Amino acid sequence: FCSSVCAKTHHGVPLTGGPPTPWQKLPEHIRTLATHELTPRQLHVLQDTLNGHSTRTIARALHLTEPTVRTHLERALDKMQPHLEPKAAA
């Protein structure tokens with residue numbers, strides 16, 4: 001299933017050590033929330049995007065069209081946006 005996009009990481013976790021990925025640098029509560037709020041495909045696309053992979057690369061690796069990858073990313077960001085915005089002071 002995973003091809004070139006997943007070769008160096010498995011869902012954002014490096015297989016060979018090295019520095020943390022952008023996904024790993026996100027606060028733990030955001031990563032946990034994403035894991036529970038997003039579909040597996042949305043999560044995969046979001047992680048790969050954060051780790052610097054292009055829409056074209058992700059689409060080829062997952063056997064999807066580029067518009068489908070963009071849709072997964074847009075929906076993931078829509079679901080996560082309310083949790084990323086600063087709360088207004090009371």
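Given the structure is predicted, the values throughout are model-derived calculations rather than measurements. Numbers here are sequence positions counted from 1.
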Handout entry: Set of residues satisfying side chain to side chain donor-acceptor pair (under 3.5 Å) with respect to K25, sequence neighbours excluded
Key = none
Practice task
Apply side chain to side chain donor-acceptor pair (under 3.5 Å) to Q81 and list each qualifying residue two or more places apart in sequence or on a separate chain.
Solution key: E85
Does a side-chain heavy-atom distance below 4.5 Å link [X] with [Y]?
X   : Y   : answer
V45 : L62 : yes
W23 : L43 : yes
P27 : I30 : yes
T21 : L50 : no

Nearest 0.5 Å, please: how far is [atom2] in [Y] from [atom1] in [X]?
X   : Y   : atom1 : atom2 : answer
R56 : T65 : CZ    : OG1   : 12.5 Å
L33 : L26 : CG    : CG    : 11.0 Å
T55 : L64 : OG1   : CG    : 11.5 Å
R41 : L46 : CZ    : CG    : 14.0 Å
R60 : H53 : CZ    : NE2   : 14.5 Å

Problem - Lys/Arg-Asp/Glu bridge criterion (N-O < 4.0 Å) met for E37, K79 - result: no
Practice task
Ignoring hydrogens and angles, tell me if any N or O in the side chain of H36 forms a donor-acceptor pair with the backbone of T32 under 3.5 Å.
Solution key: yes
Exercise for the section: For the pair T35 (side chain) and R31 (backbone), establish whether a donor and an acceptor sit closer than 3.5 Å, ignoring hydrogens and angles. Expected result: yes
Indicate every side-chain donor-acceptor pair of residues 69-78 with a distance under 3.5 Å to a residue at least two apart or in another chain.
residue : atom : partner : partner atom : Å
T71     : OG1  : P67     : O            : 3.0

